[in-house]
Amino acid sequence: MAPKVRFLMCPPDQYDVDYVINPWMEGNIHKPSREGAIGQWHALRDLLSKHAEVQSIPPQQGLPDMVFTANAGLVIGKKVALSRFLHRERRGEEEHFKKWFGKTGFEVFEMPPDLPFEGAGDALMDRQGACLWAGYGFRSELDSHPLLAQWLDIEVISLRLIDPRFYHLDTCFCPLEEGWLLYYPQAFDAYSNRLIEQRIPAAKRIVVSEADATYFACNAVNVGKQIVANHASPVLRSRLEAAGFALIETPLGEFLKSGGGAKCLTLRLTEPEPARAHFATTVQSRELKLEGHLLDSGLLERALELTVQSGGSFQILHFRLGKQRQSTSAAEIKVSAPSEEVLDKIVGQMIELGAVAGPREEVDASLEPVTQKGVAPDDFLATTIYPTEIRVRGEWLPVTHQRMDGVVVVDEQQKQARCRLLRDLQVGDRVVTGSHGVRTVRRPKHRELRGGSAVEHEFAFMGAGVSSERRVELLVNQISWEMHQIRGQGGRIVVVPGPVVIHTGGGEHLAWLIRHGYVQALLGGNAIGTHDIEQALLGTSLGVDLKMGTSVEGGHRHHLKAINTIRRCGGIAKAVEQGVLTGGIFYECVGKGVSFSLAGSIRDDGPLPETQMDLIKAQQEYARLLKGADLILMLSTMLHSIGVGNMTPAGVRLVCVDINPAVVTKLSDRGSVESVGVVTDVGLFLNLLTQRLRKLDQKEG
Ligand SMILES: NC(=O)c1ccc[n+]([C@@H]2O[C@H](COP(=O)([O-])OP(=O)(O)OC[C@H]3O[C@@H](n4cnc5c(N)ncnc54)[C@H](O)[C@@H]3O)[C@@H](O)[C@H]2O)c1
């Protein structure tokens, strides 16, 4: 006969809801009925006593949650991993449980201070003894899992809880005899659900509904074929019966007010040491360092938030606070994740924020060769717009040709690292993989810019972000001032206009900018060319007379006529030469020798002879013209602006004008001060901009 199962329970004499540390307690302060709780607790104990032996620990005054003995610790064989409570309200329980376990002959293991772990509330043995399921996300820290694996010599599978109602693993996950599992999948993140599905075959997974989950059906005690729980729907009951279990319901409503059910009220003391167990955990950690205006810029908060959001957890190992307004702070952070894959993702994002490897972890980047032309090794590092450095043989090499969505190819002999597009990879190229030995150099935020050049000063004042309509005038003042400066210094302004510029009457203003030396390159599509030329040749834009604002008879053919005329001439420059094209944006470009590139698209009519329908060539053309840009003016074209944004490294001023705030936010959200969004009509914007520039020119003259 199998040895009798033993449970530890704590009488509810001191039980109450005295504080709020989970969503169930909210609104329930002092609501539980003392008699009701005592009655329900005794009923549970009597039920369990029929199938198991129940031992008691005396309740303690001021510790109302001690009744939930599942959180005393995790017992396996003669070892117990004692709980280290997250909330100060429960920490007083630790010494009483420690004393009890010591007295009862258990070998006690204790978590280091500040490493929360809440016992069998967050760690459940697979009932076939194959592994320990351990939860994290609300109460227990992920870093406690490798310690459990080591102390108990067992494989630990880490599961991330994401619904605050199910703050402990045992509130939503209940391994049953013979490899069955009762659980509520929505309480876990996608990665954890995948782990569960890999381990437990679909036929053995009993999924509970949200209603059953909120009645704590998963917070059940399983002894042999008996399952004791607060409540289960008829559907769940029959599902359990079909699996060969007998469900015994015992009302525990008074304890639900505290967020606990049958399982929380008990601790299994007879958890046999698994025969086939061995130390194993997939939890991985890395130490990272962040430096800068960590608190006032919100950088630290963002870094920690993204760690948690991506399924990891963190510990701040050291923190040095910059005390003066101008001084920087530094933090050393240990980031842990349930797998190398998740950790790499988190570290990659942290590196984007400017984190570097901690002092003990500086290693070279890993490089893998390309074995198929145009195809990178699987785990390649995807580049961002931020200046990046790669550690090769102990030396940090700056990455050249920085752009977004590329990979980094390293030439170890030449000590060179450069960004390349996937399609340009050659067999034998050595590509950076993973996130070791990689760092990005983030531009300092506003405060440091105050000491910088006048141009930097101006943009610092402008700040990143999207304007409201009220701020448009102010922004235009600042943009015009900047453009005037750049022209004065022989800098480079690249304009990316969409056809809306013409429809809104902005064409003449853009032409003025080109004529007066404010544009050094123009990047667009077939549409801006077509509509500008239609306007110049026929006075309409898509058949609408721009002066009258009315449709012209037969106007719908106008854009085709414009394309046809230019095709007959053999191109835009030739049309200018032949005196056919005598005004407009492209006329000015030809006259002033301003390079332009028109990238084709599936919806293009014609196209114009200059429109590059080979998109790889078009991208190369764009990249060539963007080189050395000081300012890029994106004017109401989502398609081309996104393309340009991806090719442009951080540090180049971006001004994005669009009537749709969502487009502006997307394009100007580069996490830096150098981009600014203006939500307004592009025709009005250009009108205002040229007015301001005229004034500046007059002052100069
Ligand atoms: N005749 C043609 O050949 C033809 C015609 C149209 C488009 N196209 C092609 O289709 C592709 C996409 O064209 P796209 O760039 O026009 O479209 P898009 O959707 O990428 O961008 C248009 C943008 O303009 C914004 N906008 C609309 N009205 C505005 C206003 N009054 N002020 C400020 N912003 C305003 C919109 O919010 C949108 O973000 C391009 O390749 C283009 O060349 C070709």
Side-chain angles (χ1 to χ4, degrees), residues 466-469 472 475-476 479 494-510 522-538 540-544 546 549 555-567 572 584-586 596-619 621-622 632-647 654-669 675-690:
V466 175
S467 70
S468 66
E469 203 60 59
V472 169
L475 286 169
V476 172
I479 294 162
V494 179
V495 177
V496 187
V500 184
V501 167
I502 309 297
H503 310 326
T504 55
E508 59 177 292
H509 305 300
L510 182 50
L522 188 141
L523 308 178
N526 192 56
I528 180 71
T530 305
H531 295 294
D532 169 60
I533 291 165
E534 176 191 336
Q535 148 78 11
L537 297 181
L538 301 152
T540 56
S541 172
L542 265 187
V544 174
L546 281 182
H556 65 279
R557 292 175 61 239
H558 280 191
H559 69 289
L560 294 178
K561 281 177 100 172
I563 293 170
N564 200 43
T565 304
I566 299 297
R567 290 177 72 87
I572 297 172
I585 297 171
F586 287 86
F596 59 86
S597 170
L598 302 182
S601 82
I602 192 81
R603 59 184 277 200
D604 289 348
D605 299 311
L608 290 166
E610 279 79 359
T611 302
Q612 180 52 267
M613 298 307 280
D614 178 337
L615 282 183
I616 292 183
K617 281 198 185 137
Q619 285 186 352
E621 233 347 62
Y622 264 44
I632 300 173
L633 204 50
M634 299 167 159
L635 304 172
S636 61
T637 166
M638 194 163 45
L639 183 77
H640 301 107
S641 301
I642 292 175
V644 166
N646 289 349
M647 291 177 192
L654 288 189
V655 176
C656 170
V657 183
D658 201 291
I659 204 140
N660 181 349
V663 172
V664 168
T665 306
K666 183 172 168 55
L667 287 167
S668 57
D669 186 16
S675 65
V676 64
V678 189
V679 179
T680 190
D681 175 88
V682 71
L684 292 179
F685 171 84
L686 283 168
N687 189 355
L688 210 53
L689 182 69
T690 47

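For ligands, and for the atoms within them, numbers begin at 1 and follow the listed sequence. Side chains included, hydrogens not; waters and symmetry mates left out as well; all remaining heavy atoms used. All values reported here derive from a predicted model rather than from experimental measurement.
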On a heavy-atom basis, I'd like to know which of P499, G524, A527 is closest to atom 43 (O) of ligand 1.
A527
Could you say whether the N/O atoms of V657 and ligand 1 ever approach to under 3.5 Å?
no
Separation between NE2 of H503 and OG1 of T540, rounded to the nearest 0.5 Å
11.0 Å
Are any non-hydrogen side-chain atoms of F596 and I572 less than 4.5 angstrom apart?
yes
For T611, which residues count as a side chain to side chain contact (heavy atoms under 4.5 Å, CB included) partner, sequence neighbours excluded?
N526, L598, D604, P607, L608, M613
Provide, to 0.1 Å, the distance between atom 17 (O) of ligand 1 and the closest protein heavy atom, together with that atom's residue and name.
R603 NH1, 4.6 Å
As an exercise, identify every atom of ligand 1 less than 4.0 angstrom from a heavy atom of G525.
43 (O)
Nearest 0.5 angstrom please: H531 NE2 to I585 CD1, how far?
11.5 Å
Donor-acceptor under 3.5 Å (D605 side chain, L560 main chain)
no
Heavy-atom distance to atom 40 (C) of ligand 1: which of M638, K666, H640 wins?
H640
Distance-only N or O hit between ligand 1 and S636, under 3.5 Å:
yes
I need the nearest protein heavy-atom contact for atom 11 (C) of ligand 1: residue, atom name and distance, please.
L639 CD2, 3.7 Å
What protein heavy atom sits nearest atom 35 (C) of ligand 1, and how far off is it?
I659 CG2, 3.6 Å
Side chain, backbone, both or neither: which applies to S601 and ligand 1 if a contact is any heavy-atom pair less than 4.0 Å apart?
side chain
For atom 44 (C) of ligand 1, the protein heavy atom that lies nearest, with its residue and separation:
D604 OD1, 3.2 Å
List the steps and the verdict of side chain to side chain contact (heavy atoms under 4.5 Å, CB included) for E508 and T690.
CA-CA 10 Å; E508 59 177 292; T690 47; over 6 Å; no
Euclidean distance, M647 CE relative to I632 CD1, rounded to 0.5 Å:
10.0 Å
Name all residues meeting the side chain to side chain contact (heavy atoms under 4.5 Å, CB included) criterion together with Q612; count only those two or more places apart in sequence or in a different chain, and write none if there are none.
D614, K617, A618
Nearest 0.5 Å, what's the CD-NE2 distance between Q535 and H559?
15.0 Å
Going from OG1 on T680 to CZ on F685, what distance comes out if it is rounded to the nearest 0.5 angstrom?
8.5 Å
Shortest protein heavy-atom distance from atom 15 (O) of ligand 1, along with the residue and atom involved
T637 OG1, 2.6 Å
Residue pair V472, L684: steps toward the side chain to side chain contact (heavy atoms under 4.5 Å, CB included) verdict:
CA-CA 10 Å; V472 169; L684 292 179; over 6 Å; no
Considering only protein heavy atoms, which is closest to atom 30 (C) of ligand 1, and at what distance to one decimal place?
V500 CG1, 3.5 Å
Looking only at distances, please establish whether an N/O atom of ligand 1 is found under 3.5 Å from an N/O atom of V682.
yes
Under 4.0 Å from a heavy atom of T680: give me the atoms of ligand 1 that qualify, with their elements.
32 (N), 33 (C)
Would you give the length of the straight line joining atom CG of L633 to atom CD1 of I479, rounded to the nearest 0.5 angstrom?
7.0 Å
Among all protein heavy atoms in this structure, tell me which lies nearest to atom 39 (O) of ligand 1, with the distance rounded to 0.1 Å.
D658 OD2, 2.6 Å
Kindly indicate whether atom 21 (O) of ligand 1 is approached by any protein heavy atom to under 4.0 angstrom.
yes
Any idea which atoms of ligand 1 are less than 4.0 Å away from a heavy-atom of N660?
37 (O)
Heavy-atom contacts with T504 under 4.0 Å: which atoms of ligand 1 show up? List them by number with element.
31 (N)
T530 N/O under 3.5 Å from ligand 1 N/O:
no
Considering heavy atoms of the protein only, find what lies nearest to atom 31 (N) of ligand 1 and give residue, atom and distance to 0.1 Å.
D681 OD1, 2.9 Å
Could you tell me if the side chain of V644 sits less than 4.5 Å from the side chain of M634, heavy atoms only?
yes
Side chain, backbone, both or neither: which applies to V663 and ligand 1 if a contact is any heavy-atom pair less than 4.0 Å apart?
side chain
